[in-house]
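Per chain, numbering begins at 1; letters A, B, ... match sequence-line order.
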Protein chains: 2
Amino acid sequence: IVKTLDLWKVYGRGRLAFSALKGVNLKVKRGEMVAVVGPSGSGKSTLLNLLGALDHPTKGKVFIDNIDIFRLGDNALTELRNRKIGFVFQSFNLIQRVSALKNVEIPLMMRNISREKRRRLAVAMLKAVGLDGKFNHKPTELSGGEQQRVALARALVVRPSILLGDEITGNLDSKTSMEIMELIRRFNKTLKTTVILVTHNMQIAKQTDRIVYLRDGMVEREEILNRK
Amino acid sequence: IVKTLDLWKVYGRGRLAFSALKGVNLKVKRGEMVAVVGPSGSGKSTLLNLLGALDHPTKGKVFIDNIDIFRLGDNALTELRNRKIGFVFQSFNLIQRVSALKNVEIPLMMRNISREKRRRLAVAMLKAVGLDGKFNHKPTELSGGEQQRVALARALVVRPSILLGDEITGNLDSKTSMEIMELIRRFNKTLKTTVILVTHNMQIAKQTDRIVYLRDGMVEREEILNRK
Ligand SMILES: Nc1ncnc2c1ncn2[C@@H]1O[C@H](COP(=O)(O)OP(=O)(O)OP(=O)(O)O)[C@@H](O)[C@H]1O
Ligand SMILES: Nc1ncnc2c1ncn2[C@@H]1O[C@H](COP(=O)(O)OP(=O)(O)OP(=O)(O)O)[C@@H](O)[C@H]1O
Ligand SMILES: [Mg+2]
Ligand SMILES: [Mg+2]
């Protein structure tokens, strides 16, 4: 469902040019759960941003459902992203001036559903990530780990075919992390959601089907834990 | 060197009132390294913010060097904070429009040192956290873990007597986390820096002298690892 071909990302130019990704080839099957691990600065977020079409590569291609996404026009690309991808940012990117509930409802506003249904779906998602009772808090009135979970709820509420998560348990204690992984596995099992998680936590990585090891912008090796 | 007495923090009022801290009593000796752990939402950041005088308690006291800090006037409190405390925020709080180097130089601007010395100290600190070659990057041009390390460099460059760190390894791989802890331990050993680290990582917590377990705004128990 997701495939990259010789993917490059270079920042800066000339003497200052820095290659964050140097020819990454990755294939992810539909319904697979993949972890991307590697040292700080090795290019994980850069890779995820390209997979989520939040940035353009310097060279190479990204295919989603066999569509070469960077050959689409802006509108078509935005449409694909909204319909297929749920993204959880390393820095959450929540809207600070509205409540947690509103933040989770926003991606549903582009769907053809009633306001009551939208509210019900958002409430259910916030409960599923353990934030019952915190719906009306603004992001600044939530702890770091609570904000992280609002960002996840927002990504999952649209039932995306692909979930891209950047360090989604970095601010969570181990018990809450396990509950979050259980939720994600349920999505993966019942809805066949394809999941790509960037993580520094090997205990999280070991709960996926395959681990991709990144180093200095390149795939160093892959480790298959569960054939799918 | 740091002591809290029946510390309370209540958000909201009346029916909506939520007690994030409910009577916390904590004593930290000079030169001690303490970890504060607990579930997401248990009050860790709230506690750290009060210790760093970034917020006011609803009830109770915080003593730093036997000074009841919330009885100080605003100017005196700001002065104490700038002179004695280095704070690393869970969300980094870097200044987005200036470089990593400038971010680390800023706390030194209030000291009576030359511009050259200020630059040298900032460069040395950034190298110490593994960011050689990234001095001129703005925060948006850095990875999550690199931003986290700039925030730590900024806190340490003033050689504070007290380092307060909120999840300082949450975005780091284990190798980089170990290097960061080594740096902090060096400060603790050679400069007698008192260190209080909020963390979700038990491997980090086990490298301190004592672990304080927080749950629902209260100290559940403490575990002494190394008597000081
Ligand atoms: N706009 C930019 N200009 C220059 N360099 C950049 C820019 N953005 C990122 N980089 C560099 O690219 C490298 C990879 O960044 P990326 O965010 O992908 O790392 P990461 O693997 O996600 O790291 P972390 O685990 O710390 O989040 C980093 O070394 C960073 O300094
Ligand atoms: N301004 C606020 N208004 C209402 N509730 C708040 C406010 N700020 C924080 N809280 C609540 O106080 C509780 C404690 O927050 P705190 O940030 O101290 O938790 P934490 O232990 O640091 O969690 P994490 O590990 O997720 O960072 C949370 O449940 C949060 O929802
Ligand atoms: Mg990253
Ligand atoms: Mg916190």
Side-chain angles (χ1 to χ4, degrees), chain A residues 11-12 16 18 20 37-49 89-94 96 129-134 136-149 166-177 179-180 198-203 205 213-215 217, chain B residues 11-12 16 18 20 37-49 89-94 96 129-134 136-149 166-177 179-180 198-203 205 213-215 217:
Chain A
Y11 293 110
L16 287 179
F18 176 79
V37 308
S40 171
S42 54
K44 305 179 298 295
S45 297
T46 301
L47 174 60
L48 216 67
N49 288 343
F89 293 86
Q90 191 165 7
S91 52
F92 321 150
N93 286 16
L94 298 176
Q96 300 296 313
V129 298
L131 289 175
D132 206 350
K134 303 275 180 185
N136 293 318
H137 290 231
K138 295 196 175 62
T140 46
E141 299 166 338
L142 292 171
S143 77
E146 291 167 344
Q147 293 178 38
Q148 192 158 38
R149 286 180 274 161
D166 201 344
E167 305 281 359
I168 57 177
T169 62
N171 287 290
L172 302 176
D173 53 284
S174 50
K175 177 163 179 285
T176 311
S177 297
E179 291 165 7
I180 288 307
V198 164
T199 182
H200 280 302
N201 186 332
M202 286 313 293
Q203 282 157 332
Y213 291 84
L214 218 58
R215 181 177 291 276
Chain B
Y11 293 111
L16 287 180
F18 175 80
V37 309
S40 172
S42 54
K44 306 180 295 297
S45 295
T46 302
L47 173 60
L48 216 67
N49 288 344
F89 293 86
Q90 190 165 6
S91 54
F92 321 151
N93 287 16
L94 298 177
Q96 300 296 313
V129 298
L131 289 176
D132 206 350
K134 303 274 179 185
N136 295 316
H137 289 231
K138 294 196 176 62
T140 47
E141 299 166 338
L142 292 171
S143 77
E146 291 168 344
Q147 292 178 39
Q148 191 158 41
R149 286 180 272 161
D166 201 344
E167 305 280 359
I168 58 177
T169 62
N171 286 290
L172 301 177
D173 54 283
S174 53
K175 177 163 180 284
T176 312
S177 296
E179 292 164 9
I180 289 306
V198 163
T199 183
H200 280 304
N201 186 332
M202 285 313 292
Q203 280 156 334
Y213 291 85
L214 218 58
R215 181 177 291 278

Task: Residue selection (most heavy-atom pairs with chain A, distance under 4.5 Å) from B:Arg149, B:Gln148, B:Glu141 - done: B:Arg149
Task: Option in B:Thr176, B:Asn171, B:Thr199 with maximal non-hydrogen atom pairs under 4.5 Å from chain A - done: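 The candidate making the most pairs under 4.5 Å is B:Asn171.
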Task: Contact check, side chains of A:Ser174 and B:Met202, non-hydrogen atoms, under 4.5 Å - done: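 Heavy-atom side-chain distance check fails, nothing below 4.5 Å.
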TODO: Any chance you could measure A:Asn201, atom CG, to B:Asp173, atom CG, to the nearest 0.5 Å?
DONE: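 A:Asn201 atom CG to B:Asp173 atom CG measures 12.0 Å (nearest 0.5 Å).
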Task: B:Lys134 portion near chain A, given a 4.5 angstrom heavy-atom threshold - done: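 The side chain, not the backbone.
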TODO: Tell me, for B:Phe92 versus chain A, whether the close heavy atoms (under 4.5 Å) come from the side chain, the backbone, both or neither.
DONE: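 Neither; nothing under 4.5 Å.
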So which residue, [options], ends up with the most heavy-atom pairs under 4.5 Å with chain B?
options                               : value
A:Gln147, A:Gln90, A:Lys175           : A:Gln90
A:Pro39, A:Ser45, A:Gly130, A:Gly12   : A:Pro39
A:Ser177, A:Ser143, A:Gly170, A:Ser40 : A:Ser40

Open item on the list: Heavy-atom cut-off 4.5 Å, strictly under: side chain, backbone, both or neither for A:Glu167 against chain B?
Closed with: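 Answer is side chain: those atoms of A:Glu167 sit under 4.5 Å from chain B.
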